[in-house]
Amino acid sequence: MNQEKILVTSALPYANGPIHFGHIAGAYLPADIFTRYKRMTGADIVYVSGTDEHGFAITIGAQAEGHSPQEHVDKYNKVISNIFKQFNISFDNFSRTSMPHHHKLAQQFFTQIRNNGYISKKTTDQLFCEKCNMFLADRYVYGTCPDCDAENARGDECGACGSWIDPLKLKQPHCKVCNATPTVKQTTHWFLELGKFSKDLTAWLDTKTDWKPNVKNFISKMIENGLEGRAITRDMDWGVKVPLSEAEAKRLYVWFDAPIGYVSATMEWAEKIGQPDKWKDYWYDKNTQLVHFIGKDNLPFHCVVWPAMIMGQDEDFILPSDVPANEFYNLEGKPFSKSSGWYVDIEDFFKTYNTDSIRYCIAAGAPETKDADFTWKDFQGRNNSELADILGNFINRFLKFSANYFENKVPEYCNPSNADTKTLESIKELSQTISQHYSHFHVRKAAFTIMELARVGNRYFDEKAPWKSRKTNIQDCACTINTCIQIGKALAIISYPIIPTTAQKIWDMLGLPDKIENNNWTEALQTPVATGHQLGNAEVLFAKIEDATIAKEEEKLHSMVAKDKADNAKEKTEKTNLITFDQFLSVKMQVGEVTQAEAVKKSKKLLKLQVNLGQKSIQIVSGIKESYQPQDIIGKKVIVVSNLKPAKLMGIESQGMLLAANDNNKLSLITVDNPEISTGSEVS
RNA sequence: GGUGGCAUAGCUCAGUUGGUUAGAGCGACGGAAUCAUAAUCCGUAGGUCCGGGGUUCGAGUCCCUGUGCCACUACCA
């Protein structure tokens, strides 16, 4: 049989913050499980990923945290790598898109695709923020919706009326970063003409008969609806330089260079293992299966843009064989969101819980067909009643039994009963079933199958009741324990892709030599543990998680949200303190000339003024006596709020108010710049 | 607004091209057992398959429609 050759990738995490369970559940754990399984079956498999380190969001994130983009991505590359280590994700190489060879390769893609006529140049108007010195992407602009006049509409879509917005038509646009008003500027960009690939993409997609239906439907529809050119350059100074002299100030759009990271990560891997050309064995070999694990949000890029890019350049690179996209994994019903306090701190998490518990929990509830949830209760349940009670306890009960009654050696298997052979048959069946699940990325079903086998073990142990046969029929008892040991070995093997550390522990407890992953899947499953083999020492595989511990976690989560809610409420009241433009317009201000002024008797602060507004004159009582004497103020042109509801001060009616700046009770009247301006002129 | 998806037991989810009486795990309840991390095993209860209409001998499954939720909507990483 030909050896399978597989290249597995996981979506490149964006180096702008830590990743969470959602990412793990969508793109990393399923890929790791698949990879570990395939490695054991003897496949020639390489698994790569790396941080995606370019784009606007990086520069903005860096600015927000007060360091350079380079420092920013260095920091998050480390943070993210560490998280993967804790989850025991077994990359062959975890790279970064800031590597020089990546830049070179991305530029090569651009140049070749352009030379082949798939990239065009267009000049368009775009909003530009002078203060931030950058063109604003749609989502970095907000303003008033031109259709429904709702405020705080995003540059691309109005949250209130749902209509699509051309950011150039947005009323009162503001830069989301600095709040300044952007100007309209012309800019030139290069567009990847995706439409030219429609036919080839459709033909390619037609060959993918075994893809997940949700993935395939989504992409076919997208192509059917017509593909438009997509800008693949940006005005910025962080990222891969556009290899054109006329585009000095431009960088490649991060989504253009990111998937190329899969190739460059493989190149780096080859370099690291001392065979710099080895990457070509995969990328140029039509027999290599290229499998991209991603979340559903990345589908358009991996199934349309990226294949089009490969088709458009000159190298004979392979196209994706499968793109098992997962849905989203939420936290207790809502998306993970660090900014709103709705998240699980991963560092804290691993101080209390172990890697395999969470790997199993995520696998068993993976978002394969629809969005799924992580809940603390579910986590506790998976750990306690499945891993500890069903799996852990089964291993423990037969090992203790062997230690107590068979000198910790594998007892003899002879004169098997129906129950014994049937059980051995079950091992075979279930391990074949789980192979299917692993091959087809059905992580959820695979997790279930592990428990199924452990259940078979428990049932069998109960049915055979070796604690009884030990006294009545020692041969039958030996046979039972032997069979349990075979189940234990099978459990170690089939659970390895999901819970590798535990699988190794079981392996060691069975006294089996070598690392479990160095064994061949099929061979190891077919080889029973020999009679007389010395077993290792039993130890507890999974500790129970107490109710109180989980209650604490839930409380912590909800208190973070409560705090966030309070913050939001505060922000909201601050927002309601803001007045709308219309409210502002309702204040009528005019230029008035002070014609008379006299002190109000018995008052320290008040002056009584007559102010000429052109058409009419009004009386204003104003508290400026400490700063202005009556004779100083006569003849001055000042700004007056003329539609104020009249009020009586010290018994004297005041029909408006003067505007003055107040600095520590020192007042300075606001006057007009040009003294010739006619009285009564409106201020706006 | 457009496109796509989802809605099944208290909870989390399976249900292949339409085909007997709609399944599993957890939780609940009852029982058995004592080798084991008080773990296990057996049994019981629980569903108008989101509402309405249609096609069909037959619909959880196909079509239409209503409602609710989710994603995408392309210079958004």
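Given the structure is predicted, the values throughout are model-derived calculations rather than measurements. Just so it is clear: chains get the letters A, B, ... in the order the sequence lines come, proteins before strands, and each one is counted from 1.
- Using C1' as the reference atom, A7(B) and G15(B) are 15 Å apart when rounded to the nearest Å.
- When the C1' atom is compared between C70(B) and A28(B), the two are found 31 Å apart, to the nearest whole Å.
- Atom CG in Asn383(A) sits about 13 Å away from atom P in G27(B), given to the nearest Å.
- A salt bridge does not link Arg251(A) with Asp257(A): none of the charged nitrogens is closer than 4.0 Å to a carboxylate oxygen.
- Remark: side-chain polar atoms of Thr233(A) are paired, donor with acceptor, to backbone N or O of Trp190(A) under 3.5 angstrom.
- A distance of 6.0 Å or more separates the ring centres of Phe374(A) and Phe336(A).
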TODO: Before giving the answer on salt bridge (Lys or Arg N to Asp or Glu O under 4.0 Å), spell out for Arg96(A) and Asp74(A) the whole-Å C-alpha distance, their side-chain angles and the decisive distance to 0.1 Å.
DONE: CA-CA 10 Å; Arg96(A) 331 176 39 167; Asp74(A) 286 349; 2.7 Å; yes
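- Residues passing the side-chain hydrogen bond (donor to acceptor under 3.5 Å, both in side chains) test with Ser385(A), sequence neighbours excluded: none.
- The glycosidic torsion of G43(B) lies more than 90° away from 0, placing the base in the anti range.
- Annotation: Tyr353(A) is in aromatic contact with Trp376(A) [ring centroid separation under 6.0 Å].
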Sort me out a list of protein N/O and nucleotides 12-17 of chain B N/O pairs below 3.5 Å, or just none if empty.
{"from": "A14(B)", "atom 1": "OP1", "to": "Thr369(A)", "atom 2": "OG1", "distance (Å)": "2.3"}

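- One can place CD1 of Ile219(A) at 12 Å from P of U73(B), the figure rounded to the nearest angstrom.
- When distances run from any side-chain atom of Arg455(A) to the nucleotides A74(B), A24(B), C26(B), the shortest one goes to C26(B).
- Taking the P atom of each, C6(B) and G43(B) are spaced 34 Å apart, rounded to whole Å.
- Applying the side-chain hydrogen bond (donor to acceptor under 3.5 Å, both in side chains) rule to Lys250(A) yields the partners Thr187(A), Asp235(A); only residues at least two apart in sequence or on another chain are considered.
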Intra- and inter-strand pairing of RNA chain B, written as dot-bracket with Watson-Crick and G-U pairs under 3.5 Å and | for the latter, reads (((((((..((((.....[...)))).(((((.......))))).....(((((..]....))))))))))))....
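- Comparing the C1' positions of G52(B) and A45(B) gives an interatomic distance of 31 Å, to the nearest angstrom.
- A donor and an acceptor atom, one from each side chain of Thr423(A) and Asp420(A), are nowhere located under 3.5 Å apart.
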Heavy-atom contacts, protein to nucleotides 32-39 of chain B, under 4.0 Å, summarised as B (base), S (sugar-phosphate only) or - (none) per nt, yield -SSBBB-S
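- By the salt bridge (charged side-chain N to carboxylate O under 4.0 Å, His left out) test, Arg359(A) pairs with Asp32(A), sequence neighbours left out.
- Take Phe128(A) and apply the ring-ring contact (aromatic ring centres under 6.0 Å, His included) test, not counting sequence neighbours, and it matches Phe135(A).
- Distance His442(A) NE2 to A24(B) P: 21 Å, rounded to the nearest Å.
- Among residues two or more places apart in sequence or in another chain, the side-chain hydrogen bond (donor to acceptor under 3.5 Å, both in side chains) test is passed with His437(A) by none.
- As a whole-Å value, the separation of Ile60(A) CD1 from A77(B) P is 8 Å.
- In this structure, the CD atom of Glu386(A) is 11 Å from the P atom of G25(B), given to the nearest Å.
- The separation of G53(B) from U67(B), taken at their C1' atoms, amounts to 15 Å, rounded to a whole angstrom.
- The gap from the C1' atom of G25(B) to that of C41(B) amounts to 16 Å, rounded to the nearest Å.
- Separating the CG atom of Leu299(A) from the P atom of U73(B) is a distance of 11 Å, rounded to the nearest angstrom.
- The residue Phe301(A) sits close to a base: some heavy atom pair falls under 4.0 Å.
- Projected onto RNA chain B by closest heavy-atom contact, Phe448(A) and Tyr14(A) fall at different nucleotides, the more 5' of which corresponds to Phe448(A).
- Using a cutoff of 4.0 Å between basic side-chain nitrogens and carboxylate oxygens, Lys377(A) and Glu554(A) are scored as salt-bridged.
- Glu452(A) has its CD atom 17 Å from the P atom of G23(B), to the nearest Å.
- Within the 4.0 angstrom heavy-atom criterion, base atoms lie near Leu227(A).
- Looking at residues two or more places apart in sequence or on another chain, you find a salt bridge (charged side-chain N to carboxylate O under 4.0 Å, His left out) between Glu246(A) and Lys121(A).
- Val184(A) is linked by a side-chain contact (heavy atoms from CB on, under 4.5 Å) to Asp125(A), Leu127(A), Leu168(A), counting only residues two or more places apart in sequence or in another chain.
- Residues from residues 476-486 of chain A with heavy atoms under 4.0 angstrom of RNA chain B: there are none.
- Evaluation of the side chain to side chain donor-acceptor pair (under 3.5 Å) test over residues 447-459 of chain A, restricted to residues two or more places apart or in two chains, returns Arg397(A)-Asn458(A).
- Heavy atoms of Arg459(A) sit under 4.0 angstrom from primed sugar atoms or phosphate atoms, though from no base atom.
- If you take atom C1' in U61(B) and the same atom in U16(B), they sit 11 Å apart, rounded to whole Å.
- A distance of about 40 Å separates the P atoms of C26(B) and U73(B), rounded to the whole Å.
- Summarising the geometry, the separation between CZ on Phe56(A) and P on A77(B) is reported as 7 Å, rounded to the nearest angstrom.
- Between Phe394(A) and Phe461(A), the two ring planes are perpendicular [angle over 60°; tilted spans 30° to 60°].
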